[in-house]
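In what follows, every chain begins at residue 1, and chains take the letters A, B, ... in the order their sequences are listed.
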Amino acid sequence: MLGYILRRLLATIPVLGIVAVLVFLMLRLTPGDPAAVIAGDNATTAQIEAIRAKLGLDQPIITQFGIWAGNLLHGNLGESFFFKKTIGELILGRIEPTLSLAFATMLIAVCVAIPLGVLAAYKHGSWIDRVVMGFSVLGFSVPVFVIGYLLIYVFAITLGWFPVQGYQPISGGFGGFIQRLILPAVTLSVIYIALIARMTRASVLEVLSEDYIRTARAKGQVESKILFRHALKNAAVPIVTVVGIGIALLIGGVVVTESVFAIPGLGRLTVDAVLARDYPTIQAVILLFSVVYVAINLGIDLAYCLFDPRIKY
Amino acid sequence: MMSRWKIITAAAALLAGSSVLSGGFSAQAQTLKVVMHSDVKIVDPIWTTAYIVRNHGYMIYDTLFALDEKGDVKPQMVDTYTESPDKLTYKFTLRDGLLWHDGKPVTAEDCVASIKRWAARDPIGQKLMSFVDAMAIDDAKSFTVKLKSPTGLLIFGLGKPSSNVPFMMPKRVAETDPNTQISEFIGSGPFVLKTDEWKPGDKIVYTKFKDYKPRAEPASGLAGGKVAKLDRIEWLAISDQQQAVNALLAGEIDMIEQPSFDLIPLLKSDKSIKLIDYNPLGLQYTLRPNHTIKPFDNPKIRQALTYALNQKDFLEAVVGNPDYYKTCKAMFICGSPLATEAGMDGLLESNFKKSQELLKEAGYDGTPVVLLHSTDLQSLTNLAPVAKQLMEKGGFKVDMQSSDWQSVVARRVRKTPVAEGGWNAMLTAWVSADVLNPVMAGFFNASCDKAAFGWPCDEQMEKLRDDFARETDPAKQKAIVEAVQMRWREVVTHVHLGQYTVPIATRPNISGILTAAAPVFWNVEKK
């Protein structure tokens, strides 16, 4: 197992290298000029060139990449073109909101979706099954921002239970932290509830037709134990895969949700950096997301062993 | 027994209560929470011309002179100044008690260094420096500026209200290369930047500078006594306009600097919201042709533009509500001292026949005009489609190319032919305070390669701008402006597409918002 983990970790190095090269080149090839953005409307060509030189953008691309990669290998992510802060500072300041949102989202999604999926499978063909699957289709189809606005209108503006926007760090008080996190997390969890519930239903449904389930029933086992101890555990591998993919897809979801709810997380940092053409920040954030993606995939592979002892590495 | 619904309701109420107790989202006394038009990414108002950075500058920096509500330049940090009879020597003395936020006194040396850095970047500053012979420090509080020839730009320039504003900085900061962003944010203005609380993308925080010595006069525009009546001001970064309005309606924030026009009816319908038109001169829409490549390298084809376009269609498409726009043929802003319609007869009235005739005379070969269309800025998005339609009716072929604003910004500085990523025309907006005369209005700069993007090239226009810079008599300045507009009719450096204003939306407990060229927060109170 340890050897497998080490091999997987080593394999991430070329993956991250390729990501680094691709991100760097794509940014340089897409239209945009941070120097022109900074210089403003009155700037002459000479002034823009001077700013470009100060930012190092007048160097050949290969030189720029060499400088960036060299700094990266020394653990230096560089400095934002705009914010006058190091990328490390920027990312550190944004991690808590994004992690909080992601954790709360997946917690809600898993806690709601798995029981719903199991119930739908158990009540296969009934109105409960149809309602759960109808919700699932709806959850897939309605964009995150529409759900967000609906929830804001009902729970923040009409009922006044939650604030409309913003984030409060956990250090600022747990009540305020949770209160500001609930609406965005519920908003973002809808699509994952739909995804996981659907997958859980399909997997459990397949397992419920197995002989050993029939045997368990014949031996007088109670239905809840049959469902959760026998059926769900054996259906877990595809569900864990979907949950893992969901966590990875969350990276895209937080961008929209953080923008709608004005949460200062990594998603908004990415959007702001892209709009401003803040190359060092974009490069660092995408690299970070890649590391997270690779780590999640490794985690999923290792989790298989827990649910299916036949899987060994 | 409590029902489940009651338990949920009680839990929600408990959460709401805990938030209030923990400071949550309730407004704190004397803390103003504002959503500005953009997040503050850069904090050097000399390094960039972005208006949000100019607004930040007014929070923490002070100026030697400032524009009052009537448009007159008044001393601000300067206590007294003298002008020699030959108008070549100006001596400035600073007010007593001016301090930087670190407690050190503001000196003449700081001011001279700040003027030099500003002048290296700002068009008025650059022009002004061509008149300056020397700047000398007389003592800790006084300095002298000697000119080679008289100019009206010195006092006007030092009181320039909009980007780049000549903000004063400590000498050690002002000596930073003008093309490099400063790394220390110490001013002598009425508010202090809380660098430890500044979180780009979330909020920027200012607190009252307790040692600030305001002038004795009442506040007027950007001049007069800058009395900070709020302890703390937070500019929150809420990029979604609908959410900003929701937050204002819910009382989570106190003010939105620039609500989008389509949401103004919603705000108007709510009695708990006030809309305040703080900047009556507003902004001006502008179309800029690229003078260096076909077809707009031909002046007759540029003249055709002035016949094909009209202002009302643009203003209707973007602003919609006549309360917030006005058509105005004066290039230097209706309502300003230099407003005149000289040279504007028959123009900007969508005379398509005349436009077509001019194109025919010019031998326009049907080369498509590449018109840059910005799709992500609400205030600009609808301009290009209107321009395309009017230009096509006027006989042009138009290839409207859409992209985000930053791509437009990157592309507009490219001088290459269209096939290699160049462009022919683009649209933007200027704050009126940036275009009050032909020297400060960057689009009148017709010095070829030294001009802003679009690069017009016209010696006569440059001579008129020089004449304006040399003139100190307001009546003669106005005559020069009329001549500039007459020359513009031939050269068409750009086309002005009307004026509009954007009101501030605020809660009713906020008062004291000043009528000024930029949104400022001294004099503002929260009750």
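- Salt-bridge formation is not detected for the pair B/Asp39/A/Arg268: no Lys NZ or Arg NE/NH1/NH2 atom is positioned less than 4.0 Å from an Asp or Glu carboxylate oxygen.
- Heavy atoms closer than 4.5 Å to chain B are found in the side chain of A/Leu90, but not in its backbone.
- Applying the ring pair (Phe, Tyr, Trp, His ring centres under 6.0 Å) test to B/Trp430 and every residue at least two apart in sequence or in another chain returns B/Phe443.
- We find the CD-NZ distance between B/Gln181 and A/Lys54 to be 13.0 Å, quoted to the nearest 0.5 Å.
- At a 4.5 Å heavy-atom cutoff, A/Ala46 makes no contact with chain B through either its backbone or its side chain.
- Under a cut-off of 6.0 angstrom, the local environment of NZ in B/Lys415 is crowded, with over 12 non-hydrogen atoms contributed by other residues, nucleotides or ligands.
- For A/Ile38, the parts lying near chain B are the backbone and the side chain together; criterion is any non-hydrogen pair under 4.5 Å.
- Heavy atoms closer than 4.5 Å to chain B are found in the side chain of A/Ile152, but not in its backbone.
- Contact of B/Ser403 with chain A is not made at all, since no heavy-atom distance falls under 4.5 Å.
- Side-chain N or O atoms of A/Gln47 include one that pairs as donor or acceptor with a backbone N or O of B/Arg121 at under 3.5 Å.
- The candidate with the highest count of non-hydrogen atom pairs below 4.5 Å against chain B, out of A/Asp33, A/Val37, A/Leu269, is A/Val37.
- No other option in A/Ser259, A/Ala50, A/Pro97, A/Ala53 has as many heavy-atom pairs under 4.5 Å with chain B as A/Ala50.
- A donor-acceptor contact shorter than 3.5 Å is absent between the side chain of B/Gln243 and the backbone of A/Phe261.
- Proximity to chain A (any heavy atom under 4.5 Å) is shown, for B/Ala50, by neither the backbone nor the side chain.
- Both the backbone and the side chain of A/Leu275 come within less than 4.5 Å of a heavy atom in chain B.
- A/Phe81 touches chain B through its backbone: at least one of N, CA, C or O sits under 4.5 Å from a heavy atom, while the side chain does not.
- Using a 4.5 Å cut-off between heavy atoms, B/Trp455 touches chain A through its side chain atoms alone.
- Panel note: side chain A/Gln165, backbone B/Ala247; no donor-acceptor pair is recorded below 3.5 Å.
- Contacts of A/Glu96 classified as side-chain contact (heavy atoms from CB on, under 4.5 Å), with partners at least two apart in sequence or in another chain: A/Ser100, A/Tyr167, A/Pro169, A/Ile170, A/Phe177.
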